[in-house]
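Along the sequence shown, residues carry numbers from 1. Since we're looking at a predicted model, the values are computed, not measured.
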Amino acid sequence: MIGTPPPDAIVVGAGIVGAAVADALSRDGARVTVLDAGGAGLGATAVGMGHLVAMDDTPAQLDLTAYSLDLWRTLSAELPPSCEYDPAGTLWVAEEQEQLDGADERARAYAARGLSLERLDGTDVAALEPNLRPGLAGGLLARRDAILYPPGAARALLDRASARGARVREHVRVTAIGPRQVTALGETLRADIVVNAAGLEAARLTPDLPIVPRKGHLVITDRAPGFCHHQIVEMGYLKSAHQMTAESAAFNVQPRATGQVLIGSSRELVGWDASCNRGLVNRMLGRALQFMPALSRLPAIRIWTGFRPATPDKLPLIGPWEGTPGLWIAAGHEGLGITTSLGTAGLLVDLIAGRRPAIDPAPFAPGRRVAT
């Protein structure tokens with residue numbers, strides 16, 4: 001390291017959030033070093049669904065997801081084929097008419113952020129996705145949502161940063177973060193800017209971060225091209241996904257570029273127990289079969305678990321960490337890290353540069369009071 005000038009910025013974590021931050025910092029002219037304990041994009045990024053989806057559990061969540069979707073659409077033309085970007089849209093399906101109550105209000109909230117939701121009746125839903133069961137009440141179609149392959153996207157973002165001179169060091173475990181410095185492999189590296197984007201490891205490195213692991217299961221089928229055409233999610237998904245209960249399951253499927261169907265999703269608060277909860281998987285698959293009985297014809301070829309870095313109020317931590325000069329946080333995204341990675345990077349880099357961000361940063365401040 002002798003004779004090498006210190007980087008302007010060190011990003012800890014090479015998942016999709018860290019990769020997006022590295023890309024944005026390098027685009028801003030910073031000399032960036034990215035450190036990851038494993039391989040780039042191989043942590044939480046590699047085990048989740050690749051949805052790019054607007055979510056409206058809170059106004060702040062809708063602000064961040066809508067902002068991020070705009071950035072992904074702008075970037076999509078530059079993404080390599082390895083990202084498997086698919087502007088498939090999301091079809092939210094309702095079992096009963098009462099689940100459609102409030103759809104007009106929801107559509108207005110989306111429209112205020114430049115997004116559109118089309119209200120559909122049961123006939124429309126059946127025409128779009130014939131493998132859904134007959135008799136559904138209707139749905140909402142978000143045409144501007146998309147799907148991608150997260151590890152490929154993380155690598156593509158890092159490649160963009162590397163083309164501007166960023167250094168990506170894999171299999172380098174950071175053991176400590178201090179004021180304008182990190183310790184890795186017994187070496188102290190210094191920079192004006194240190195970004196903790198270490199996902200589930202973020203709370204180990206910055207112990208007061210309110211981040212806990214939340215386990216999920218996913219199932220992928222054998223190839224069945226054309227089985228479904230949109231990401232399809234039940235309208236009860238938000239309630240299931242965003243309440244911090246011990247365990248939950250909801251219907252969510254994605255068509256993959258390989259022709260396979262990815263089936264989700266579940267959530268559990270079980271610490272670091274990575275074992276397969278067969279009872280919960282059966283609940284998850286049973287829920288999927290209630291909406292799409294034809295899934296029973298597709299062989300399931302793999303089941304896996306992964307952990308999402310969750311915060312109590314379901315919003316990520318983005319911004320400066322008070323008390324540690326030079327330290328910035330980009331962590332706690334749970335199941336929306338893929339969607340919000342670009343928005344997180346844009347918000348963070350604007351704050352670092354002293355620019356006015358595109359959206360209000362206050363709801364994401366790492367030092368905010370978070371009810372547990």
Side-chain angles (χ1 to χ4, degrees), residues 44 46-51 53 55 84 86 88-96 99 122 125-126 128-137 139 145 147 149-150 213-308 310 334-336 338:
V47 295
M49 300 183 87
H51 50 216
V53 57
M55 287 285 198
E84 299 179 7
D86 177 7
T90 299
L91 177 61
W92 296 86
V93 291
E95 293 182 276
E96 301 171 355
Q99 289 183 318
V125 167
L128 285 175
E129 293 290 351
N131 281 318
L132 284 167
R133 81 162 193 258
L136 292 171
D145 290 354
I147 302 168
Y149 180 56
R214 201 173 183 199
K215 186 171 79 173
H217 297 74
L218 291 174
V219 176
I220 197 162
T221 73
D222 204 348
R223 296 172 191 267
F227 182 86
C228 59
H229 308 284
H230 306 79
Q231 177 168 252
I232 310 173
V233 190
E234 66 167 294
M235 283 196 174
Y237 175 85
L238 281 176
K239 181 178 179 180
S240 169
H242 296 158
Q243 291 183 354
M244 293 292 275
T245 53
E247 62 180 50
S248 63
F251 168 61
N252 184 359
V253 299
Q254 281 181 359
R256 300 306 309 177
T258 55
Q260 296 168 284
V261 179
L262 185 59
I263 307 170
S265 60
S266 74
R267 281 169 164 79
E268 286 182 277
L269 290 170
V270 290
W272 292 100
D273 177 7
S275 63
C276 179
N277 181 337
R278 294 186 181 276
L280 185 54
V281 170
N282 287 338
R283 277 178 54 196
M284 183 181 82
L285 292 176
R287 191 68 180 153
L289 289 169
Q290 287 178 21
F291 281 89
M292 274 190 134
L295 281 168
S296 63
R297 303 197 303 263
L298 306 185
I301 63 173
R302 185 181 169 220
I303 301 172
W304 68 91
T305 64
F307 293 99
R308 308 173 180 96
E334 200 182 334
L336 287 173
I338 309 304

* **Any Val125 side-chain heavy atom under 4.5 Å of Val93 side chain** => yes
* **Heavy-atom pair of closest approach, residues Pro150 and Ile338** => CB-CD1, 3.6 Å
* **Student check: side-chain heavy atoms of Val253 and Leu262 closer than 4.5 Å** => no
* His230 and Thr90, any side-chain heavy atoms less than 4.5 Å apart -> no
* Quick one: does Gln260's side chain have a donor or acceptor within less than 3.5 Å of a partner on Arg256's backbone? -> no
* Taking side chain to side chain contact (heavy atoms under 4.5 Å, CB included) as the test, write out the residues that go with Leu298, two or more places apart. => Thr221, Ala224, Phe227, Val261, Leu295
* Any side-chain heavy-atom pair of Leu289 and Ser296 under 4.5 Å -> yes
* Quick one: is the NZ or CZ of Arg214 closer than 6.0 Å to the six-membered ring centre of Phe307, and within 45° of its axis? -> no
* **Beyond-backbone contact of Glu95 with Arg133, side-chain heavy atoms, under 4.5 angstrom** => yes
* **Under 3.5 Å donor-acceptor, Trp304 side chain and Leu218 backbone** => no
* Please report the shortest heavy-atom distance between Ile147 and Ala88, naming the atom on each side. => CD1-CB, 3.9 Å
* Structure fact -> d(Arg278 CZ, Leu285 CG) to nearest 0.5 Å is 11.5 Å
* Stepwise side chain to side chain donor-acceptor pair (under 3.5 Å) test for His229 and Glu129 -> CA-CA 7 Å; His229 308 284; Glu129 293 290 351; 4.8 Å; no
* Can you name the one residue among Asn252, Leu136, Val233, Ile232 that meets side-chain contact (heavy atoms from CB on, under 4.5 Å) with Phe291? -> Leu136
* Structure fact -> Nearest heavy-atom contact between Ile263 and Ala288 is CG2-CB, 3.9 Å
* Heavy-atom side-chain contact between Arg267 and Arg308 under 4.5 Å -> yes
* To do: Could you please spell out the steps behind the side chain to side chain contact (heavy atoms under 4.5 Å, CB included) verdict for Arg223 and Thr258?
  => CA-CA 7 Å; Arg223 296 172 191 267; Thr258 55; 3.5 Å; yes
* Nearest-0.5 Å distance that lies between atom CD in Gln231 and atom CD in Gln254 -> 4.5 Å
* Distance-minimising heavy-atom pair for Gly271 and Pro213 -> O-CG, 3.5 Å
* Asked: So, does Glu234 use its side chain to make a donor-acceptor pair with the main chain of Phe251 at under 3.5 Å?
  -> yes
* Heavy-atom side-chain contact between His51 and Ser265 under 4.5 Å -> no
* **salt_bridge(Glu247, Arg283) N-O dist < 4.0 Å** => yes
* Asked: Mind checking whether Trp92 and Val53 have side chains closer than 4.5 Å, heavy atoms only?
  -> yes
* Chi angles and distances behind the side chain to side chain contact (heavy atoms under 4.5 Å, CB included) call for Leu132, Leu91 -> CA-CA 11 Å; Leu132 284 167; Leu91 177 61; 4.2 Å; yes
* CA sep, side-chain torsions, deciding dist, call: Cys228, Met292, side chain to side chain contact (heavy atoms under 4.5 Å, CB included) -> CA-CA 10 Å; Cys228 59; Met292 274 190 134; 4.0 Å; yes
* For Asn277 and Glu268, run side chain to side chain donor-acceptor pair (under 3.5 Å): C-alpha distance rounded to whole Å, both residues' side-chain angles, the deciding distance at 0.1 Å, then the answer. => CA-CA 9 Å; Asn277 181 337; Glu268 286 182 277; 2.8 Å; yes
* Asked: What are the two closest non-hydrogen atoms of Val47 and Gly306, and how far apart are they?
  -> CG2-CA, 3.7 Å
* Would you please say whether a donor-acceptor pair under 3.5 Å links the side chains of His217 and Thr305? => no
